[in-house]
Amino acid sequence: MSISIYNQTRSYSKEEEKAFSARVSEALAVLLSSSYIDKRLSSGDCDVSADIKLVGSAAIKKLNAEHRGLDKVTDVLSFPVLDMVDGKLSSDLMPYDYSIDSKGKKTLMIGDVVICPECAKKQSEEYGHSMEREMVFLAVHSFLHLLGFDHENGRDEEKMFSIQEEIMQKIGLPREASEVSSKREAKSSKAESLEAEHPVGEILPHCGYCALIGRPNVGKSTLLNAISGMKLAIVSHKPQTTRNNISAIYNRDDAQVIFVDTPGIHRPESKLSEFMVDSSFRAAKGADVVVLIVDGRFSKPANVEKKAVETAKKLKKPLLLVVNKADAVSKESLLPLIANYSAMADFEEIIPISALKEDGIEELMDVIISKLPSQPRYFPIEEVTDQSEREISAELIREQILHYTNEEIPHGTAVEIDSFEEELKEDAVDSYDRSLIKIHASIICEKDSHKSILLGKNGQMIKRIGTAARQNIEKMTDCKVFLDLYVKVRKDWKNKPVFLNEFGYTKKDD
Ligand code: GDP
Ligand code: MG
C-alpha cells in the first residue's frame with residue numbers, strides 16, 4: 001500500500017505534510033483490511049496505491065469547472081480509477097489495471113484525490129477540531145469515493161459517514177467532543193444538491209436578468225466583483241471605466257441571476273457618451289429587475305438619478321434602490337437620502353450595502369432573487385461571464401492605462417486586441433491546457449501628446465502598463481502571457497462612427 005503526496009501549495013508545511021502522509025497511509029491500510037472492502041484489494045499479490053494532490057482554492061475551482069461543470073471551490077475532489085460499488089469490485093481486475101515496474105512489482109492504482117488545505121483549514125475552525133483531523137477526514141472520505149461509496153441518498157450517506165468515523169477512530173483521530181457534527185452533515189447534503197445536474201433549460205424557481213444602473217463611480221463594478229468573486233468588471237476611482245456591458249452570472253441551486261453592468265447614466269457629451277447612456281437604458285429594458293445604485297454619501301438625487309427612476313417607472317419593472325458605501329457614512333445620515341428617494345418612486349426595497357466591505361451583499365442577493373420569475377436556466381452553471389477572455393484582456397489593459405496615467409489621458413483611449421493566440425501544452429487534454437497566450441494589442445488615443453505620455457520617457461510608462469496588465473491577464477487566464485502593446489493615434493475617434501464600430505462601441509437598436 002503506498003500513497004504519493006504532491007503538495008502544490010505553500011500553505012501546508014513539510015512537517016504537516018509528513019504527519020499527514022503517515023496518517024493517511026495508516027487510514028488506507030486499515031480501510032483496505034476492513035470487512036467493507038473487496039478482499040481482492042488486500043490479497044497481498046500487489047501494492048495498492050493512490051495519489052493525493054494538495055492544491056490552492058483557485059486550482060480546485062478550475063478542476064470543478066472542468067470536470068463537474070461547477071463554478072465553485074470545494075474542499076476535496078476524487079477521481080476513481082476502478083469500477084467499484086460500495087467497496088466491491090464490479091468486474092474482475094484485468095492486467096491493464098496494474099502497473100508493473102522493472103523489478104516486476106505490481107501496483108494497483110485506485111485513483112487520485114485532490115484536497116484544498118486552505119478549505120480544510122477554514123472547515124476545521126468551523127467544526128472546532130484540528131486541521132490534521134480535517135485533512136485526514138477529507139482523505140478518508142475521498143478514499144471511500146475511490147472505493148465506490150457514495151452519498152447520493154440518505155441511507156448511503158449514513159453508511160459512508162459511519163465507516164469514515166470508524167476508520168478515524170481506529171487511527172486515533174476520533175470525533176472531538178466539541179465538534180459540530182450536524183453542521184457537516186447539513187453541509188454535505190447542501191453540496192450534494194448543488195452537485196446534481198444543472199442543465200440549461202432546467203426550470204428554476206428564480207431566473208433572469210438584473211440591470212445595475214447608476215451614475216459612474218457609485219460602485220457598480222465593485223458590487224459585481226463582490227458578487228461574482230472574480231475580477232470581471234473594472235474597478236477604478238476614475239468615473240466611467242466600465243464601457244461595455246459586462247454580465248456576470250450568479251448561480252445558486254434555486255436561482256440564476258444574470259447581471260448587466262452598465263457604463264453609467266450621464267449627460268451625453270460626445271458620441272461615446274451617447275452610447276453609454278443608450279446602453280444603460282437598453283440594459284434596463286431587457287431586465288427582469290432594475291437595481292438603481294446610489295452613493296450613500298450624497299442624499300440629494302440629481303438629474304441623472306431622476307432620469308433613471310423615470311425610465312424604470314416607464315418600463316414597469318420591479319425597482320430596487322441600493323445605497324452603497326454605507327461604510328463611509330453614519331446610519332442616521334442615510335435617513336434623508338432614503339426619504340428623498342422614497343418620494344420619487346415606489347421602490348420595492350431600499351437596501352444599504354457596502355460593496356467594498358462586502359456587507360449586505362447576501363441580503364441584496366436574496367431580494368434580487370425573490371423578484372425573478374420562475375423560468376428555464378439561461379446559461380450553463382459554470383459560466384461566470386459571457387465576455388470572452390479576449391474582451392476582458394482589453395478591459396484589463398485599459399484599467400492599467402487609467403491607473404498609471406492621470407487626467408492628461410482622459411477617457412479618450414480605446415484598446416484593441418489585434419491578436420490573441422493560444423499555445424497548448426504538449427500533453428494538453430483540452431483547449432484550456434495552455435502553455436502560453438500571446439497577445440498583441442493597440443492602445444488608440446486621440447492626440448500625439450497623449451501618445452508620448454502613454455509611451456513615457458524611454459518607454460517606461462508603456463512598460464509599466466504592460467507589466468501590470470500582463471500580470472492581471474495571467475491571473476484571469478491562469479496561464480503565462482506574453483503581451484505586446486502598441487500606441488496609435490487616431491484623431492477625434494470618439495466622434496467618428498466608423499471608429500466606434502471598429503472598437504465595438506456600436507449603438508444597437510431594438
Ligand atoms: P462604478 O463606476 O459604478 O462601476 O464604480 P466602481 O466600482 O469602479 O467604484 C468606484 C470607486 O468607489 C472605487 O474607488 C471603489 O473602491 C469605491 N467604492 C465602491 N464601493 C464602495 C463602498 O462600498 N464603500 C466605499 N467606501 N467605497 C466604495
Ligand atoms: Mg464600473
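In what follows, residues are counted from 1 in the order of the sequence shown. Ligands are counted one by one from 1 in listed order, and the atoms in each one are counted from 1 as well.
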Hydrogens and angles aside, do [X] and [Y] bring a side-chain donor and acceptor to less than 3.5 Å of each other?
{"X": "N340", "Y": "S342", "value": "no"}
{"X": "K425", "Y": "S435", "value": "no"}
{"X": "S354", "Y": "D359", "value": "no"}

Could you check which of K220, K325, R297 puts a non-hydrogen atom nearest to atom 18 (N) of ligand 1?
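That would be K325.
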
Pick, from I293, D295, N324, V329, the option with the minimum heavy-atom distance to atom 20 (N) of ligand 1.
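Heavy atom nearest to atom 20 (N) of ligand 1 belongs to N324.
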
Per-atom contacts, ligand 1 versus T222 - under 4.0 Å to a heavy atom
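Heavy-atom distances to T222 below 4.0 Å select 6 (P), 7 (O), 9 (O), 15 (C), 19 (C), 20 (N).
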
As an exercise, identify every atom of ligand 1 less than 4.0 angstrom from a heavy atom of D327.
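Those qualifying, in numeric order: 22 (C), 23 (O), 24 (N), 25 (C), 26 (N).
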
More than 12 heavy atoms from other groups under 6.0 Å of NZ on K480:
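For K480, atom NZ is not crowded (no more than 12 foreign heavy atoms under 6.0 Å).
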
Inter-residue atom distance S333.OG - F298.CZ, 0.5 Å rounding
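That separation rounds to 11.5 Å.
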
Enumerate the salt bridge (charged side-chain N to carboxylate O under 4.0 Å, His left out) contacts for residues 329-350, please, sequence neighbours excluded, ordered by first and then second residue.
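Applying salt bridge (charged side-chain N to carboxylate O under 4.0 Å, His left out) to every pair that reaches into residues 329-350, excluding sequence neighbours, yields E348-K371.
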
Less than 3.5 Å between some nitrogen or oxygen of [X] and one of ligand 1, yes or no?
{"X": "L356", "value": "yes"}
{"X": "A326", "value": "no"}
{"X": "A355", "value": "yes"}

